[in-house]
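See structure below.
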Amino acid sequence: MTRDITPIKWIIGAIALLIIVAGACYFWYQHSLADERKAAADAQQLLRQSETERQAKAKSSTAKQAGEKVPAESETPTAEKPKSDATALTDKTEPTQAQTGTAAPTAETQEVRVSPFGFGPYPEVPEDYPSVVVWLQSDYEELSSHAQKNFELMSRVLIKLWASGEKSFRGASTYKGKVYPHYYNTVYIKVSEYELPDGTKSQYISRRKSGPHVNTDGVDLLNPPSHLRVLDLDSSGIDPYQYLNLR
């Protein structure tokens, strides 16, 4: 008597399909992680550059103070403060104050740096602000216009958050035009579904975002532990234009 092997073929086919779907999900997940790791690496590089420039400025300030404390008998004039580059440029191209009879420029009349993208003057950066401010970096002009705009919007959002007292984050990233602060306990995820051969649906994480300081190794983000906050990627994030009242 011939045995009906059709059910066995269906089972083998279902297992093969499941393996293919799982493999596709795995490679998609690895691709998403690669994007996040690159973004985190770029942010870390900018952060290191910011710290290096901050230390260099501190050393320069110390050297300047030491230079201003020369003895009275020294031949180096100390009654007048060194001119900045902007002042030196003005002296070369315009008459001096003595020639024009105008008063010395005050803080209100000095030039204010303005965004090239129509966002207005750059905001004041709090002294304790820990993240990178792109327009203060020496390699700012080397970035593409698109990158400059995105980094500026991101920095503006984070500075406003920080100034308002929200300080439980370090850095941020963007996705579909929105800014996602990298909170110390938060992961943003996008959940997708696929259908099994029997018609049932299973969920998987097709995209995720978090700061490099958030450890999710071995964590089921679909059933996260209580200490970890998991937010929907599409419905969360900050619209920079709305948050900053920009057009």
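Keep in mind that the numbers below use all heavy atoms, side chains included, and drop hydrogens, waters and symmetry copies.
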From [atom1] ([X]) to [atom2] ([Y]), nearest 0.5 Å:
X: Leu158; Y: Glu166; atom1: CG; atom2: CD; result: 10.5 Å
X: Tyr129; Y: Glu124; atom1: OH; atom2: CD; result: 14.0 Å
X: Lys149; Y: Leu143; atom1: NZ; atom2: CG; result: 15.0 Å
X: Leu244; Y: Asp239; atom1: CG; atom2: CG; result: 9.0 Å
X: Asn185; Y: Ser226; atom1: CG; atom2: OG; result: 11.0 Å

Distance only, no hydrogens: is a donor on one side chain within 3.5 Å (strictly under) of an acceptor on the other, for [X] and [Y]?
X: Glu195; Y: Thr200; result: no
X: Ser210; Y: His182; result: no
X: Ser115; Y: Arg156; result: no

Check: [Y] and [X] side chains under 4.5 Å, non-hydrogen atoms:
X: Leu161; Y: Pro181; result: yes
X: Asp128; Y: Lys167; result: yes
X: Leu153; Y: Thr174; result: no
X: Arg208; Y: Tyr188; result: no

Original post:
After noting the C-alpha distance and the side-chain angles of Ser192 and Arg207, does the key distance pass the side chain to side chain donor-acceptor pair (under 3.5 Å) rule?
Top reply: CA-CA 9 Å; Ser192 301; Arg207 193 171 187 87; over 6 Å; no
**OP:** Give a yes or no on whether the backbone of Tyr243 and the side-chain of Lys160 come within a donor-acceptor separation of less than 3.5 Å.
**Re:**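 Side chain of Lys160 to backbone of Tyr243, a donor-acceptor pair under 3.5 Å: yes, one is there.
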**OP:** Would you confirm whether Thr216, through its side chain, and Val219, through its main-chain N or O, come within 3.5 Å as a donor-acceptor pair?
**Re:** no
Subject >> Non-neighbouring partners of Asp220 that pass salt bridge (charged side-chain N to carboxylate O under 4.0 Å, His left out), sequence neighbours left out >> reply: none
Which residues pass the ring pair (Phe, Tyr, Trp, His ring centres under 6.0 Å) test with [X], not counting sequence neighbours?
X: Tyr140; result: none
X: Tyr175; result: none
X: Tyr183; result: none

**OP:** For Ser145, enumerate each residue passing the side-chain hydrogen bond (donor to acceptor under 3.5 Å, both in side chains) test, keeping only those at least two apart in sequence or located in another chain.
**Re:**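 Checked Ser145 against side-chain hydrogen bond (donor to acceptor under 3.5 Å, both in side chains); zero matches.
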**OP:** Determine the minimum heavy-atom distance between Tyr180 and Leu233, stating which atoms define it.
**Re:** OH-O, 2.6 Å
**OP:** Could you go through the side chain to side chain contact (heavy atoms under 4.5 Å, CB included) check for Val132 and Gln137 one step at a time?
**Re:** CA-CA 8 Å; Val132 172; Gln137 302 305 303; 3.9 Å; yes
Subject >> Residues, nucleotides or ligands: over 12 heavy atoms within 6.0 Å of Glu193 CD >> reply: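 Check passes, neighbour count above 12.
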Original post:
Going hydrophobic residue to hydrophobic residue with side-chain gaps under 4.5 angstrom, can you get from Val134 over to Val114?
Top reply: no
Subject >> side chain to side chain contact (heavy atoms under 4.5 Å, CB included) evaluation trace for Leu136 with Arg113 >> reply: CA-CA 11 Å; Leu136 297 180; Arg113 294 187 64 190; 3.9 Å; yes
Subject >> Any pair counted as side-chain hydrogen bond (donor to acceptor under 3.5 Å, both in side chains), so long as it reaches residues 228-238, sequence neighbours left out >> reply: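 Passing the test, one end in residues 228-238: Thr186-Arg229, Lys190-Asp234, Asp232-Ser235.
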**OP:** Mind running side chain to side chain contact (heavy atoms under 4.5 Å, CB included) on Leu221 and Leu228 for me, showing each step along the way?
**Re:** CA-CA 9 Å; Leu221 296 178; Leu228 194 63; 3.8 Å; yes
Original post:
When the ring centroid of Phe169 is compared with that of Tyr184, is the distance short of 6.0 Å?
Top reply: no
Original post:
Relative to the ring of Tyr194, is the ring of Tyr204 parallel (under 30°), tilted (30 to 60°) or perpendicular (over 60°)?
Top reply: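 Correct class here is tilted.
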